[in-house]
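Worksheet: one structure, shown below.
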Amino acid sequence: MRVSKLFFQTFREAPADADIVSHQLMLRAGLIHQIAAGIFDFLPMALRTKHKIEDIFREEMDAIGGQEVTLPVVHPAELWQKSGRWYQIGSDMARFKDRNDRDMVLGMTHEEIMADLAKKYIKSYRQLPTMLYQIQTKFRDEPRPRAGLLRVREFTMKDAYTFDRDEAGIDAYYPHFYQAYFNIFRRSGIDVVAVKSDTGMMGGRMAHEFMALTDIGEDTLVLCDACGYSANRQVATFRKPEPPAAAPARLEEVATPNVTTIEALARFLNIAESETAKAVFMVADIDQPDGAVKEQFVFCIVRGDMELNETKLTNAIKARRLRPATTPEIQAIGAEPGYGSPIGIQREQVLLLVDDLAARSPNLVAGANRAGYHVRNTNYGRDYTADLVVDLVAASDGHACPQCGEAIHTARGVEVGNIFKLGTKYSMAMGATYLDEKGDEKPIVMGSYGIGSGRLMAVIIEMLHDDAGIQWPITVAPYQVLLVSLATEKTPDVTAAAEQIYAALLEAGVEVLYDDREERAGVKFNDADLLGIPIRLTVGAKGLKNGIVEGKLRRNGEMFEFAVDAVVEKVCALVAAEIERINATAVPVPFEDK
RNA sequence: CGGGGAGUAGCGCAGCUUGGUAGCGCGCUUCGUUCGGGACGAAGAGGUCGGAGGUUCAAAUCCUCUCUCCCCGACCA
């Protein structure tokens, strides 16, 4: 491709609404163009990279038995009604009516459609296991698209689905995906950590998220350097400290004027935060057996030195939604904001959950449910009892690893992929069953596995760039080589040499972008750095005089001198070496069934 | 949905307080000089000032409504 013909433009300055590096660089390099919040055009170079990433998806999916299909973007509402998600999902799902007034949706994901397909074609255990995947557009009307391609509304996703006869079947398949995902990310030039994750609205038994560690990440991860434990903070556990042994002491009210936070309370009474009980008031939407949804006041007690983990709470009470309670709501159940405790409240109106550590810790200071007063020596069991005592708190830096007890730490990450053991939720809803050897009808056990191509592209840039621009890994770079001609009107021999080398590289099968523009050297070099093509070749009068063409690696600045008549051969070798360097990182990873 | 910010040429911005000919830099076109890390000169093209309504002799500027985009939060297979 000649740069003079390439449909793109580079910019010195990024548009003002681009905040994060990958977004700025993609705009400046002429890769993408935004047409609405979270909706982007992919220009030619971005599309080449997208295709390369997707080809890696295909290779890795095919390698573990996948067969590619394409399912529609537009679905009849009926299928989503069958699974119930038509009713569960809110305005994230784009809905419309067709000309015959039938409800339709834009697919956010394809579990329903896949299960429906499986229902039609899978009849016997002999056909299992099987795996289908597609690389297809999804639309989710996200409440807040942001950060360029990192969080968008319309996006392309590789989504794979496994169909197994039983749990043992998917247990056997799942680790293959685990490995294939590591291969995909490493072959794309980045490393990731796999963390156990919440199964959320998808339901299911086990899930992992593949996280790229970067500060711009929206998720917080809990990691243990000692043993390798890793989990999304939403589900991370930790070994809780042993509470001090003490006999329950007598309840005693204490005046604590204007002391409404745990921090202030501990300071005021000169005690540790771990000697206090924190009350957190939430209101949950909970599904009732009759299908209705009830708003339930939820009262949570965690120890003062701990933080409530809302995901754990949501899962513990199977809530559909959770929101903080308002002051009137809190007062209505007989509590007082800033001075709350379960003692003396309208107990029958609340669902009371107590974290197991708080339940085991003796003589905690809690609120007195009237402004300006707390109570010393509250004890679980004696003074109040819960509807549920469970783990409700968030793991934080310095807590003890649940596996090995060493200190854990937290880090930010971007989710670039996930794998899910779905179970039979969708197959049962859609009626996807098979007959086993005995002729018994059984629901197919499904798994689903997704990676967003655009998000991965953004993450690659996020992790591989410098002040001057992108540093594409050669496996996903739009072009492998950028041939820069420094010819001027007075140096037709340079033009001739560059043209010849360009033709020879094309002939040799090298993916080469040829900067034949009538621009000054500085412009071309700066654009070269911005575009981030891995190998730069410079043909100029200076080198040509000595019969050489200069080479330079974008990723580290390493320089080469190639004899003009050997340049094609040398470049092919360099391309091969660069590819090998990246592919060599895709090594087996032990699957840990954590 | 709550909080904050911004819409003026393709991009970055000024002009608005105090109403009166719409500007600057980059980019783009043409010509000349220059030519190995974002050259210089000259001449050009390009704007319903997000939209609607209002005030006024007169609105980019003042008022009202509205749309869009960005950031933080809520939300998120």
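Please read all numbers here as calculations on a predicted model, not as lab measurements. Protein chains get the first letters and strands the later ones, always in sequence-line order, with residue 1 at the start of each.
If you take atom P in B:G51 and the same atom in B:C67, they sit 15 Å apart, rounded to whole Å. Atom P of B:A60 sits at a distance of 23 Å from the matching atom of B:G25, rounded to the whole Å. Here, B:G37 and B:G32 have their C1' atoms 25 Å apart, quoted to the whole Å. Taking atom C1' in both B:A45 and B:G4, one finds a spacing of 39 Å when rounded to whole Å. A distance of about 24 Å separates the C1' atoms of B:A42 and B:G47, rounded to the whole Å. Here the separation of B:U29 from B:G46, taken at their C1' atoms, is 10 Å to the nearest Å. With C1' as the reference atom, B:A58 and B:G20 are 7 Å apart, rounded to whole Å. On the P atoms, B:C16 is 16 Å away from B:A22, given to the nearest whole Å.
When the P atom of B:C11 is taken as reference, atom CD1 of A:Ile32 falls 14 Å away, rounded to whole Å. In this structure, CG of A:Asp527 is placed 17 Å from P of B:G36, rounded to the nearest angstrom. For the pair A:Lys545 NZ and B:G36 P, the computed distance is 12 Å after rounding to whole Å. If you measure from atom CD of A:Glu518 to atom P of B:U33, you get 14 Å, rounded to the nearest angstrom. Here B:C75 presents its P atom at 17 Å from CD of A:Gln88, a figure rounded to the nearest Å. In this structure, A:Glu218 atom CD and B:G73 atom P are separated by 9 Å, rounded to whole Å. Taking atom CZ on A:Phe11 and atom P on B:G10, their separation rounds to 11 Å, with Å as the unit. The distance between atom CD of A:Glu550 and atom P of B:G37, rounded to the nearest whole Å, is 11 Å.
When Watson-Crick and G-U wobble pairs are counted only if both distances are under 3.5 Å, B:G23 pairs with B:C13. With a cut-off of 3.5 Å on both pairing distances, the Watson-Crick or G-U wobble partner of B:A6 is B:U68. Summarising the base pairing, B:C31 is matched to B:G41 through a Watson-Crick or G-U wobble pair whose two defining distances lie under 3.5 Å. In this structure B:A74 sits in no base pair that meets the Watson-Crick or G-U test at under 3.5 Å. Look at B:G46: it lacks any Watson-Crick or wobble partner with both distances under 3.5 angstrom.
Panel note: side chain A:Asn232, backbone A:Val195; no donor-acceptor pair is recorded below 3.5 Å. Formation of a donor-acceptor pair under 3.5 Å by the A:Asn546 side chain with backbone atoms of A:Ile548 is not found in this model. With hydrogens and angles ignored, the 3.5 Å screen pairs no side-chain donor or acceptor of A:Arg536 with any backbone N or O of A:Val481. Although no hydrogens or angles enter the test, the distance criterion places no donor-acceptor pair under 3.5 Å between the side chain of A:Ser188 and the main chain of A:Ile190. Under the 3.5 Å distance criterion, the side-chain polar atoms of A:Gln34 are matched with a main-chain donor or acceptor of A:Ala36.
Between B:C75, B:C11, B:G37, one nucleotide has an atom nearer to the side chain of A:Pro15 than all others, and that is B:C11. Nearest nucleotide to the A:Thr488 side chain, out of B:C35, B:G38, B:G36: B:C35. The side chain of A:Thr538 sits closest to B:G36 out of B:G38, B:C75, B:G36. Comparing B:U34, B:G36, B:G38 by their closest approach to the side chain of A:Lys490 singles out B:U34.
The residue A:Gly543 sits close to a base: some heavy atom pair falls under 4.0 Å. Using a 4.0 Å heavy-atom criterion, one finds that A:Ala14 contacts the sugar-phosphate atoms exclusively. Among the heavy atoms of the strands, none lies under 4.0 Å from A:Phe139.
Residue order along RNA chain B, read from the 5' end via each residue's closest nucleotide, puts A:Leu486 first among A:Leu322 and A:Leu486. In terms of position on RNA chain B, the residue among A:Lys138 and A:Gly540 whose nearest nucleotide sits closer to the 5' end is A:Gly540.
Within 6.0 Å of atom CG in A:Asp215, 12 or fewer heavy atoms from other residues, nucleotides or ligands are found, so the atom counts as exposed in its surroundings. Residue-environment remark: CD (A:Glu561) stays at or below the threshold of 12 foreign heavy atoms within 6.0 Å. In A:Gln500, the CD atom is not crowded: 12 or fewer heavy atoms of neighbouring residues, nucleotides or ligands sit closer than 6.0 Å.
At a cut-off of 3.5 angstrom, counting only N and O atoms as typed in the model, there is a donor on one side and an acceptor on the other between the side-chain of A:Lys552 and the base of B:G37.
Here A:Phe40 and A:Phe42 keep their ring centres 6.0 angstrom or further from each other. Ring pair A:Phe210/A:Phe182: centre-to-centre distance below 6.0 Å. Ring centroids of A:His208 and A:Tyr174 are separated by less than 6.0 Å, placing the two rings close together. For A:Phe281 and A:Phe299, the ring centers sit closer than 6.0 Å to each other.
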Any N/O pairs under 3.5 Å between the protein and nucleotides 66-70 of chain B? List them or say none.
{"residue": "B:C69", "atom": "OP1", "partner": "A:Ala37", "partner atom": "N", "Å": "2.9"}
{"residue": "B:C69", "atom": "O3'", "partner": "A:Gln34", "partner atom": "NE2", "Å": "3.4"}
{"residue": "B:C69", "atom": "O2'", "partner": "A:Asp17", "partner atom": "OD2", "Å": "3.0"}
{"residue": "B:C70", "atom": "OP1", "partner": "A:Gln34", "partner atom": "NE2", "Å": "2.9"}

Which protein N or O atoms sit under 3.5 Å from an N or O of nucleotides 26-31 of chain B?
{"residue": "B:G27", "atom": "O2'", "partner": "A:Gln9", "partner atom": "NE2", "Å": "3.1"}

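Note on A:Arg520: a side-chain N or O is less than 4.0 Å away from OP1 or OP2 of B:A39.
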